[in-house]
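In each ligand, atom 1 is the first atom listed, and ligand 1 is the first ligand listed.
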Amino acid sequence: MTRPPVNTQIAGVTLPVHSTNTLIIGSGAAALNAALQLLAHGQQDIMLVTQRWGAGASNEAGSDKQTYYKLALAHSASDSPRQTAEDLFRGGCMHGDIALCEAQHSAQAFYHLVSRGVPFPHDRYGAYVGYRTDHDPRGRATSAGPLTSHLMCECLGRAVREAGVALFDLHQVVALLTCEAGGEKHVCGAVALDQRRLAGGQSGFVVFNAANVILATGGPGGMYRASVYPESQVGSTGLALAIGAVANNLTESQFGIASLGFRWNLSGSYQQVVPRYVSTDMSGGDAREFLNDAFSDLRTLSGRIFRKGYEWPFDSAKAQGHGSSLIDVLVYQETVRRGRRVYLDFTRNPSDPTGRQAWSLDCLDEEARLYLQRSGASGATPVARLRAMNDPAYELYRGHGIDLASDLLEVAVCAQHNNGGLVGNEWWESNIRHLFPIGEVNGTHGVRRPGGAALNAGQVGGLRAAMFIARRYTQPPPGVEDFARRTAPQIAACLEFADRVVGRSGGDGLQPAQAVDEIQTRMSDCAAILREKGTVTAACDAAWRLYDRVRRELARSGTQALPAAFSAVDLCLTHAVYLEALREYLERGGQSRGSYLVLNPRGLPVDAKLDEEWRFLPAQPADFVSQRILEVQLTSERQVERRWVDVRPIPNVDGWFETVWNDYRNDRIVC
Ligand SMILES: Cc1cc2nc3c(=O)[nH]c(=O)nc-3n(C[C@H](O)[C@H](O)[C@H](O)COP(=O)(O)OP(=O)(O)OC[C@H]3O[C@@H](n4cnc5c(N)ncnc54)[C@H](O)[C@@H]3O)c2cc1C
């Protein structure tokens with residue numbers, strides 16, 4: 001059921017207003033699933049608006065073997081939702097009720113994907129067998145190959161199209177609209193730019209009048225210069241921050257070694273074949289095997305490179321004692337601290353730091369050597385081993401114009417995922433009523449999460465939001481006139497910003513690309529795997545100064561560039577709020593944990609061979625910051641309120657059938 005748009009005068013401009021019960025923003029795996037879940041739960045009045053169908057991390061990112069985390073379901077696997085919840089919760093700074101929901105709905109969400117055609121492998125008896133991923137004691141992981149999340153989008157997207165969901169492609173949402181009701185702030189719609197109507201000087205603004213908004217805009221991929229998010233995934237968390245939505249755990253991003261240019265995680269086979277790491281100066285001269293500065297023997301060096309294959313994300317707990325994460329530290333030091341470029345070389349083996357022996361399989365410990373031998377990967381060079389073990393991994397790069405048999409592959413320690421994000425309750429509803437952040441924009445996880453849990457969380461979030469909306473928020477949106485009257489000042493602010501940007505065309509003001517460049521440099525230099533109080537504080541102040549400039553001084557020629565201008569404002573606000581969270585964490589004495597190190601002169605050396613400044617202390621379970629979750633909220637234009645809330649435990653539920661049935665029949669469950 002789709003109502004036709006009503007052209008309405010708002011702030012002196014005639015704009016098309018579309019009305020719907022639920023507006024879904026985004027077309028990643030989380031958004032598409034949410035649309036199908038709403039239909040399945042009986043809510044037909046929905047619209048889906050997306051920047052570009054096919055854009056985003058789900059559709060365009062992957063890895064060697066992209067993981068989906070679910071309950072262990074095969075044969076005699078011993079598992080339960082409670083145990084899964086406990087393992088999620090053990091990651092630290094995750095609320096127990098949310099962990100329980102993600103665990104309870106895991107099988108349901110997974111089998112929904114199976115029923116939509118996602119080719120997760122099963123045996124002849126129907127067992128969806130699993131393997132162990134990081135922070136997973138029970139082999140709960142599965143994979144449909146390197147492109148698991150892409151396949152999810154393909155299958156879910158097909159079903160969304162077949163269901164005839166009203167789709168607004170090439171529409172960038174630039175603002176969420178709110179109104180007050182019962183003393184609370186509600187979301188009530190959105191303003192978007194129709195990118196096809198920007199040509200010829202048309203403004204292209206479109207307005208949505210919605211009773212509910214599901215925000216599925218993904219993670220803040222555009223915030224870092226070194227990033228393995230696809231280029232298309234910039235993120236729009238600022239939309240929600242700007243209206244006062246609370247966010248949490250923004251400090252907890254995940255980083256790892258990935259290729260630049262063609263962005264891809266260098267996990268799994270790419271490391272298990274033990275390539276050589278080389279750095280050069282910016283112009284390609286002075287090539288050095290820089291890992292040899294810290295690793296003093298070939299066996300340890302090769303073993304740690306091999307291990308990086310399945311210990312891919314940087315983990316502060318694996319940096320000391322020549323752990324595999326020391327490699328990330330050394331890559332970071334070369335690229336960020338020393339301004340050099342780092343490459344993986346698959347044409348040659350690593351050389352011996354002592355210069356005494358040539359590389360051979362015998363340099364590996366037994367586990368690694370047997371793994372390569374069993375995989376038939378005992379060739380003389382890393383690329384020969386890669387082609388023997390996983391030729392598609394080699395072909396993937398060739399398909400992007402990089403031949404690992406001859407080309408060096410430029411890499412960096414890249415931002416890959418944010419465990420934190422917007423806050424939702426156990427129905428994924430934000431403190432802004434009727435707003436449901438789902439997928440990566442919702443930060444359900446804390447310090448660590450099992451690999452693959454992000455995809456499960458995105459599916460469960462959409463399911464829970466749909467259950468709630470279809471049960472409790474079924475009302476149609478208000479009449480267009482009423483809506484227009486209530487939201488006119490907010491819509492006018494968007495139009496005025498656009499007028500200012502376009503009107504200042506060609507001048508010598510700040511270009512959106514310049515602003516984005518400054519944001520990305522700041523975040524990669526100060527808010528990635530290495531954090532220091534002084535630098536973060538300075539970065540935070542600089543971020544707010546840029547935010548002021550972006551809103552006043554952005555200049556760009558023509559309406560065509562409006563999407564970039566709005567996106568720059570969003571990203572700028574987002575990075576300022578993220579830096580506020582980092583500052584607060586460090587001011588509270590927060591130490592190294594998850595995927596970052598906090599430098600501390602009183603701490604332990606990361607490695608004896610690194611510079612003296614590389615000292616750190618691991619965060620302890622009893623620390624203030626480990627017992628609580630940091631929430632942040634923009635309360636006025638530049639004012640960020642910070643709150644430390646206690647971590648909610650996993651609820652102890654009795655689960656007596658007669659009681660639950662009674663509550664269910666009397667509509668006391670979804671509330
Ligand atoms: C390289 C890489 C490997 C990964 N591997 C794994 C893994 O193995 N297992 C795992 O669980 N997770 C993994 N992740 C994380 C996981 O892929 C993401 O968290 C997940 O796909 C996010 O899904 P989403 O639907 O929330 O957002 P996305 O898929 O990123 O989609 C966001 C959507 O919102 C749209 N959008 C954004 N802003 C706007 C706007 N203003 N207006 C309109 N539309 C907008 C985008 O165009 C896009 O359609 C990986 C991520 C990366 C980058």
As an exercise, identify every atom of ligand 1 less than 4.0 angstrom from a heavy atom of [X].
X: V228; answer: 1 (C), 53 (C)
X: G218; answer: 26 (O), 27 (O), 30 (O), 32 (C)
X: A216; answer: 32 (C), 33 (C), 34 (O)
X: G62; answer: 1 (C), 3 (C)
X: H171; answer: 42 (N), 43 (C)
X: G439; answer: 26 (O)
X: A61; answer: 1 (C), 2 (C), 52 (C), 53 (C)
X: A55; answer: 47 (O), 48 (C), 49 (O)

Can you tell me if [X] contacts ligand 1 (heavy atom of the residue under 4.0 Å from the ligand)?
X: S27; value: yes
X: G451; value: no
X: E60; value: no

Hey, are [Y] and [X] close enough side-chain-wise for a donor-acceptor pair under 3.5 Å?
X: N265; Y: D64; value: no
X: N33; Y: H112; value: yes
X: H135; Y: R449; value: no

Tell me: protein heavy atom nearest [atom], and distance?
atom: atom 46 (C) of ligand 1; result: Q233 OE1, 3.8 Å
atom: atom 45 (C) of ligand 1; result: Q51 OE1, 3.5 Å
atom: atom 23 (O) of ligand 1; result: S58 OG, 3.0 Å
atom: atom 15 (C) of ligand 1; result: H417 CD2, 3.7 Å
atom: atom 4 (C) of ligand 1; result: Q416 NE2, 3.1 Å
atom: atom 18 (C) of ligand 1; result: E440 OE1, 3.2 Å
atom: atom 9 (N) of ligand 1; result: T67 O, 2.8 Å
atom: atom 13 (C) of ligand 1; result: Q66 NE2, 4.1 Å

With side chains defined as the heavy atoms from C-beta onward, is the minimum distance between Q459 and L113 less than 4.5 Å?
-> yes
Is it the case that the ring center of [Y] lies less than 6.0 angstrom away from the ring center of [X]?
X: F566; Y: F497; value: yes
X: F168; Y: F208; value: yes
X: F255; Y: Y332; value: no

Minimal non-hydrogen separation, L151 against V118, with atom names = O-CG2, 4.2 Å
Test your reading of the structure: does [X] have an N or O sitting under 3.5 Å from an N or O of ligand 1?
X: Y229; value: no
X: V173; value: yes
X: G452; value: yes
X: L455; value: yes

So Q195 and Q172, side-chain contact (heavy atoms from CB on, under 4.5 Å) or not? Walk me through it.
-> CA-CA 7 Å; Q195 293 165 42; Q172 177 182 337; 3.4 Å; yes
Knowing that exactly one of Q271, E311, R307, K308 qualifies, which makes a side chain to side chain donor-acceptor pair (under 3.5 Å) with S324?
-> E311
Without swapping roles, check the side chain of Q51 against the backbone of V173 for a donor-acceptor pair under 3.5 Å.
-> no
Spatial distance of atom NZ (K318) from atom CG (D328) [nearest 0.5 Å] | 10.5 Å
Run through Y397, W264, F306, Y394 and flag the one making a ring pair (Phe, Tyr, Trp, His ring centres under 6.0 Å) with Y270.
-> Y397
Region of I25 that comes within reach of ligand 1 [heavy atoms, distance under 4.0 Å] = side chain
Heavy atom under 4.0 Å from ligand 1: found in N265's side chain, backbone, both, or neither?
-> side chain
Salt bridge between D169 and R52, side-chain N to carboxylate O under 4.0 Å?
-> no
Positive for side chain to side chain contact (heavy atoms under 4.5 Å, CB included) with T148, one of S143, P119, S58 = S143
Option of least heavy-atom distance to atom 40 (C) of ligand 1 (set: S236, A454, S149) | S236
